[in-house]
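Notes follow the structure.
Worth knowing before you read on, the calculation uses all heavy atoms, side chains too, and leaves out hydrogens, waters and symmetry mates. Read the numbers this way: they start at 1 and go in the same order the structure lists the ligands and their atoms. This is a predicted model, so every value here is computed, not measured.
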Amino acid sequence: MRIGDLFVRGAPVFSFEFFPPRTEAGEQALLRTIANLRHLQPSFVSVTYGAGGSTREKTIDIVTRVKREYGIEAMAHLTCVGHDRDEITAILQRLQRCGIENVLPLRGDPPQGETVFVRPANGFGYAAELVRFIRDGGYPFCLAGAGYPEGHQECRDLARDIEHLRQKVAAGVDFVITQLFYDNADYFAFVERARRVGIAVPLVPGIMPITNLAQIERIARLCGARIPAALHERLEAVGGDAAAVQAIGIEYATRQCRELLTGGAPGIHFYTLNQSPATAAILADLRR
Ligand SMILES: Cc1cc2nc3c(=O)[nH]c(=O)nc-3n(C[C@H](O)[C@H](O)[C@H](O)COP(=O)(O)OP(=O)(O)OC[C@H]3O[C@@H](n4cnc5c(N)ncnc54)[C@H](O)[C@@H]3O)c2cc1C
């Protein structure tokens, strides 16, 4: 199924994102997590693409298994990092052979220790170029694209960043999933900017429930997301009490999701960090 077709039905599209584990034991644990979440009937599951190394192969393996063995629609992420056009072509052909119909083409981040993304030889410098390559190649994939409510780290000029998103969507993106954010005002302003420049595709908010303060501080720093001061203070106040942090995280994300859906968001993409309890609690509450 092409995920883009789900949005015209009107019901919220809920999806879960996972990353490929490094070890066999991790992979087994992930498959158990996915099995635990299956009863929540996500519209689709997406699996990230590693910065390099062995987990890259696993992205296709996992999306294929999720689709075939669990009967859940799946989307493979794919980045421009370290690939030339021939390698990208081989990956796209393999995805097609595996029956994958949905792909999230991304540029990817500069390798660790580097601040500037360098276009690989005979490769792509921006996600929009990869999107155009896929469309020009006549592949039948439904394509998603990444969007940034607070602006991408390398382009904090919000008007320029949204113009880049417009170009990416014009190249052939069917729907957008946003970077995680903790202030809904950033999402609603992003939607307004996008509509103003003529971006008409669904813009799905990406939500990462907080389960660990140190971890979320690190992730937010890496992807340039702001944790509102009031939320941060609440989390700090409970100190090292893991259960209390998780309870605040679930309560906050549930309220965030409810307000987003009421405000017109077409669904929620949950960044699960391969854990099921928080996402399961939030989604069960939203569906109540
Ligand atoms: C939903 C989601 C899923 C993700 N999944 C993964 C994953 O699986 N693996 C992974 O490694 N990373 C992933 N990322 C992170 C992503 O790779 C990084 O945020 C990366 O830095 C940008 O990727 P992009 O596809 O948004 O790039 P692009 O859309 O290419 O944008 C990158 C930067 O270039 C600027 N730009 C775009 N076009 C132009 C132009 N023509 N001229 C000048 N500047 C331009 C943009 O404003 C932006 O600052 C994900 C992010 C999101 C939001």
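For ligand 1, the 4.0 Å heavy-atom shell takes in T48, Y49, H77, T79, L104, L106, R107, G108, D109, Y126, A127, A146, Y148, H152, E154, C155, D161, H164, Q167, K168, I177, T178, Q179, Y271, ordered by chain and residue number.
When the ring pair (Phe, Tyr, Trp, His ring centres under 6.0 Å) test is applied to H77, no partner is found at least two apart in sequence or on another chain. Looking at residues two or more places apart in sequence or on another chain, you find a side-chain contact (heavy atoms from CB on, under 4.5 Å) between L158 and R193. Under the side-chain contact (heavy atoms from CB on, under 4.5 Å) criterion, E163 pairs with R166, Q167, sequence neighbours left out.
Each of R68, R94, R56 was evaluated against D61; a single residue qualifies, R94, per the salt bridge (charged side-chain N to carboxylate O under 4.0 Å, His left out) test.
In this structure, the side chains of K67 and I72 stay at 4.5 Å or more apart for every pair of heavy atoms.
Relative orientation of the H269 and Y271 rings is perpendicular, given thresholds of 30° and 60° on the angle between their planes.
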